There are 2 protein chains.
Amino acid sequence: MDGPDLTAALVDIASVSGNEGPLADAIERALRRLRHLEVTRHGNTLVARTALGRKERVVLAGHIDTVPHAGNFPSQWDAERVRLTGVGTSDMKAGVAVQLRLAAGVPEPNRDITYVFYECEEVDVAQNGLYLLSRSAPELLAGDFAILLEPSGGSVEGGCQGTLRAAVTARGARAHTARSWMGKNAIHEAAAILDVLRAWEARKPVVDGLQYHEGLNAVEISGGVAGNVVPDECTVTVNYRYAPDTSGEQAEAYIRDLFPAWEVTILDNAPGARPGLAAPLAAAFVAAVGAEPRAKLGWTDVARFAELGIPAVNYGPGRPEIAHTPGEYVEAAPITAAEQSLTTWLTT
Amino acid sequence: MDGPDLTAALVDIASVSGNEGPLADAIERALRRLRHLEVTRHGNTLVARTALGRKERVVLAGHIDTVPHAGNFPSQWDAERVRLTGVGTSDMKAGVAVQLRLAAGVPEPNRDITYVFYECEEVDVAQNGLYLLSRSAPELLAGDFAILLEPSGGSVEGGCQGTLRAAVTARGARAHTARSWMGKNAIHEAAAILDVLRAWEARKPVVDGLQYHEGLNAVEISGGVAGNVVPDECTVTVNYRYAPDTSGEQAEAYIRDLFPAWEVTILDNAPGARPGLAAPLAAAFVAAVGAEPRAKLGWTDVARFAELGIPAVNYGPGRPEIAHTPGEYVEAAPITAAEQSLTTWLTT
């Protein structure tokens, strides 16, 4: 089975965050057949390592979960077999397919390789398989350089933006809706929170030569007591994506300053990582791929490797700009191209 | 037990809509001890009728459910035993207490009386006990005049406003929040729905000599897909309280016109009732009570009786302006006064 067909097979094993068991089982079976790899399992996260005694070790990592389905499961090829549509095609089962093809097809690489297939990247940081591994068995992640096969359109993407979620709550006073002027409607008050979001303008800073693009969005809103009661509470959950020139603490202070009139609760916060392309291995890899590197906008576990002191980049065949959309797709050619570039870099 | 103490006892049997069983059981036990009444039960709705062959029959009706508790259960008397605080005190267990006191204390009224104690008034019309009875056994509601013991501050309140609920939905396009400009945030779009509500000005028309006061409120808002997805849908549920010079059809058209840019789904719609105080029995009752009648702002089942062709008014000891608030209370004196006024009217 080639890389594109393997991608389709991986997509067709549903693995929405928290339900990766069947896909992890299938990957584990495939890896355990490969005698040159030492395989360990941690929940629904798998680690497979060569042990050839090479001077350098490279980590190739990818998450196996997807966002919830949106009428885009199972996968579907177009007539020409150029484009594969479906949930997780770009983000990031095409990258996982490349990892598996390399694991089977490059038994004697010029650098030792650690393959990581991990769960729960699309949800709270606390459940993230790579995060859990970095706490329970960091020695398994040791290496001189890491590549995350997150969708990057076939270019090397440096660093990543941070991501913070906060609950912003408007308060009011309950009353019967027949005499609503006796109360204060918290949902109406929350319009002012949404006005802040609508008026917000994205910063696009250049960091270490790469241009980032921030984002601030409501990702959830809820309020209401009963059909005839003026509600006294309405909460807007916002997701702030911030450039890597901003620390986690600065991001938190920024959000608190932006919503001074309301109660702000920080729900989670994962700082980004500066590009770090000056590190020798990173520079060599960028040169091997050949294309101009660019900024990674989504948060990825590049930040987790940065935290462990391991230079890391994103490089994968998926298209980041359509990740998480109902029309998510990946093209066959970049999957094969990524496999070839990496094979060349790991064998010559 | 006098009326105020009976009110406290009724409040202390929790009866949030849908959970009226224990209170209905207690009321049924009390009614079945009274030999001069014919008692029937329909779900958690009770009907008790005298059968004295009088020329006229009066219906005294009240709902036994309350809105959800808000830290105001059980009831509490103040030090002077003037004010009883708690959920359902005003709306409307004080009225139910008056009904029960009359049922026991006026065995031979000058008009036949039908007492109705019914469930689920605070929720969707489809579950309303009086509505169900009007469909399954309308003959039990027959009468020449009806009094609803809804909170009216001891005055006769004429007619009632209609109430309509509609879901107003903003649409967007999903995207990853790391590249939110690829999508369209439906929660941000919903701010424009809330802007309509915030800018709305209440109409206060005079109908048949009484002044009404309309209201338009968001009572629920919901939207969101996942913590890192730009949401493609956000729904605001609005409650429109409209004066009785407006029909149900007109109210629906008004709401559709008010939100032309969004998808509007009518969830329920109960038209109001004009005051109708010109009917002889209504006029006689108003004269007996003595105070100046005023408009009823909340929707009440006066509209249900109007639909059955029975003139009806609201008259009860509770205070309508604090119904459904956490600080809801009732005073002891109006409970006793209402019992006395009605006893006089029904016996002299």
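So that the names make sense, note that chain A is the first sequence line, chain B the second, and so on, each numbered from 1. Please read all numbers here as calculations on a predicted model, not as lab measurements. All heavy atoms count here, side chains included; hydrogens, waters and symmetry mates do not.
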Checking [X] against chain B: side chain, backbone, both or neither under 4.5 Å from a heavy atom?
| X | result |
| --- | --- |
| Ala202(A) | neither |
| Val229(A) | both |
| Ile322(A) | neither |
| Asp232(A) | neither |

Heavy-atom pairs under 4.5 Å with chain B are the metric here; pick the option from Thr237(A), Asp195(A), Val67(A) that has the most.
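Most heavy-atom pairs within the cutoff with chain B belong to Asp195(A).
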Please identify, among Pro326(A), Ala323(A), Cys160(A), Gly215(A), the residue contributing the most non-hydrogen atom pairs under 4.5 Å to chain B.
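Answer, by heavy-atom pair count under 4.5 Å with chain B: Ala323(A).
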Quick check on Ala192(B) against chain A: is it the side chain, the backbone, both or neither that has a heavy atom closer than 4.5 Å?
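It is both, since atoms from each part get that close.
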Between Asp124(B) and chain A, which part of the residue has a heavy atom less than 4.5 Å away: side chain, backbone, both or neither?
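Neither part.
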OG/Ser180(B) to CG/Leu197(A) distance, rounded to the nearest 0.5 angstrom?
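Between Ser180(B) OG and Leu197(A) CG, I get 10.5 Å after rounding to 0.5 Å.
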Can you measure from NE2 (His188(A)) to CZ (Arg198(B)) and round to the nearest 0.5 angstrom?
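Those atoms lie 9.5 Å apart.
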Donor-acceptor pair, Arg165(A) side chain versus Gly227(B) backbone, under 3.5 Å?
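It does hold such a pair.
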Taking Asn217(B) for the side chain and Asn185(A) for the main chain, is one N or O donor matched with an acceptor at less than 3.5 Å?
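Pair absent, no side-chain N/O of Asn217(B) close to backbone of Asn185(A).
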So His176(A) and His324(B), would you call those rings parallel, tilted or perpendicular, with 30° and 60° as cut-offs?
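The rings of His176(A) and His324(B) sit tilted, inter-plane angle from 30° to 60°.
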Can Arg174(A) and Thr325(B) be said to form a side chain to side chain contact (heavy atoms under 4.5 Å, CB included), step by step?
CA-CA 6 Å; Arg174(A) 287 192 197 188; Thr325(B) 67; 5.5 Å; no
Pair Thr177(B)-Asn239(A), side-chain donor/acceptor within less than 3.5 Å
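Indeed, the side chains of Thr177(B) and Asn239(A) share at least one donor-acceptor pair under 3.5 Å.
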Minimum heavy-atom separation for Glu214(B) and Trp181(A), please, with both atom names.
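Heavy-atom minimum between the residues: O-CZ3, 3.7 Å.
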Shortest non-hydrogen separation from Ile221(B) to Ile187(A) and the atoms involved:
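In this case the closest contact between Ile221(B) and Ile187(A) is N-CD1, 3.7 Å.
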From the options Glu121(B), Glu122(B), Arg241(B), select the one residue that forms a side-chain hydrogen bond (donor to acceptor under 3.5 Å, both in side chains) with Asn228(A).
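Exactly one candidate clears the test, Glu122(B).
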Could you tell me if the side chain of Glu220(B) sits less than 4.5 Å from the side chain of Val225(A), heavy atoms only?
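No, side chains not in contact.
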With a 6.0 Å cut-off (strictly less than), is the heavy-atom count around OH of Tyr131(B), excluding the residue itself, greater than 12?
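At most 12 heavy atoms, drawn from other residues, nucleotides or ligands, come within 6.0 Å of this atom.
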